[in-house]
Amino acid sequence: MAVTFPQTLTADRPSDDDVLIIGAGLAGLFLALQLAPRPCTVISPAPLGQAASSAWAQGGLAAALHPKDSPEQHAADTVAAGAGLVDPIIARLIAEEGPARVRDLVALGVPFDRTPDGALALSLEAAHSHPRVARVAGDLAGKAIMDALVAAVAAAPHITIIEGVRATGLLQDKNLQVAGAILRDTSGNLSTRTARETVLCTGGSGGLFQVTTNPPEARGDAIAMAWEAGALMADLEFVQFHPTAIDIGRDPAPLATEALRGEGATLHNRDGAAFMDRYHELAELAPRDEVARAVHTELLSGRGAFLDCRKAVGDHFPDHFPTVFGACRSAGIDPRTDMIPVAPAAHYHMGGIVPDFWGRSSLDGLSVCGECTSTGVHGANRLASNSLLEAVVFAHRIAARLRDATLKDPQSSTGHVPATLPTAALQDLRAAMSEKCGVVRDEAGMTRVLELVERLQSTHGSARALTTARLIVQSALNRKESRGGHYRSDYPDTTAPERQFLIRSFEETAHP
């Protein structure tokens, strides 16, 4: 007998978990460790470390660790990069707490690169006024951090890991308190998992775009689930496109880290001419949105775009940037002697679920951390390597709030699960999002994406991917200006800075 969607599940038993953490990337695992000795359960869709964007992060973690640097300057750089929409209080908060969180990671065994005298080796990335990015083996920071966290979690008696399941809906009681989650296993079977506190740490939305550096499963499910539950959202139109994904036809696209440009690598067209100085006075070290649009323009013009690392890195490539080197060599490119073909790719979602200073969402029983959030620190254009920093700072703050808190059991709760979007329909959506709601946008193109979403919804129901895509596109249509990562060819000017908040009505949330 065919299953009809949406499905509704009910849970009326006592809480299975004290704290339920959904997501096993940097935010989720660091939070779990910081909660000790409070028991918690971590939901991971794959074996630990294998499905998280965190492990793919190449640049590193930004923090004011150099004697000539300061949290004040780091915060100022963050505000400047965010194109008028950064909350300066949050920027100062993560900048001040950043050095301590790096020390926490060092204590967990993360082998950050060192100078000959034993200090942390710090890299310069675009829009930073000082070298302040702690990295590992050039471009292995994400993997090294995740390896250390996975090992620490495996040895932690207060952490329970459930692998091979994915959260597909939130449970709520009659007061809309979040009471846990509905889980789907690899066979499609659904179950409920109740909790006194649920924390979403599920990553971003890059998988909604055809060209992305994110794992394909990162399709903004947390945003859709929290939206349908009635959580406050913000800045959903702001998607950061990394300017130098390696353009070799892979899904997801391998990344050529920004640190390469920090080392002196330059962008050229097919004729060998450097082009960035025609687009921005900072050339290759301009903010990411500026570089992404320049690369996008060169590609549309037919001139092509290539990253030339031959002089800046040369023979040191295998040792200094092993991840990039391996990706290039697998496609028959030797970056020591060849230029690397590049293209912009959806890389980081700056919008998401709104938390307070301590990671609480607007819904009782639900905390949020990492890329699925909109803390206000990234504004319209995230400063490079601030994402890992934001994740550990807010994970630490959530843990500090919950570690000794008295958490109440929710009442009988229900949740809803929509159908999953079939592969062919998902690919149609991804193609439309990249083409019409990507690096450059306009009303006509985005309206066509909304029409596609409506057609797909009429056939397949309100799949999570469709819900999040619609929220991104509608938010982009509503912002009739260009700012940071959101560039509209029909509204190229910038108006007064204003964040965009969204929330469902109580009636819609209570009666989906």
Nearest-0.5 Å distance, [atom1] of residue [X] to [atom2] of residue [Y]:
X	Y	atom1	atom2	result
D185	E163	CG	CD	14.0 Å
T468	L236	OG1	CG	8.5 Å
D17	R196	CG	CZ	9.0 Å

| message | Which label fits F317 and F325: parallel for a plane angle under 30°, tilted from 30 to 60°, or perpendicular past 60°? | response |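 Plane angle between 30° and 60°, so tilted.
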Is the closest side-chain heavy-atom distance between [X] and [Y] below 4.5 Å?
X	Y	result
M225	I22	no
R464	R219	no
Q7	L9	yes
D289	F241	no
P215	P252	no
L35	D18	no
I162	R193	yes
E371	S387	no

| request: Check each of V392, V42, V19, V199 against L31 using the side chain to side chain contact (heavy atoms under 4.5 Å, CB included) test, and report the only one that passes. | output: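 Between L31 and the candidates, side chain to side chain contact (heavy atoms under 4.5 Å, CB included) is satisfied uniquely by V199.
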| field | Residue that, paired with L170, satisfies side chain to side chain contact (heavy atoms under 4.5 Å, CB included) out of L366, T414, L176 | value |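 So the option named by the test is L366.
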Quick one: do the [X] and [Y] side chains pair a donor with an acceptor below 3.5 Å?
X	Y	result
H378	E390	yes
R250	S330	yes
E125	S385	yes
N381	Q240	yes
E197	S367	yes
N386	T78	yes
T212	R430	no
H396	Q34	yes
D16	T194	yes

| query | Considering all heavy atoms of both residues, which atom of P344 and which atom of A292 are nearest to each other, and what is their separation? | reply |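 Heavy atoms of P344 and A292 come nearest at CG-O, 3.5 Å.
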| field | Test side-chain contact (heavy atoms from CB on, under 4.5 Å) applied to I145 and F30, step by step | value | CA-CA 10 Å; I145 292 171; F30 191 74; over 6 Å; no
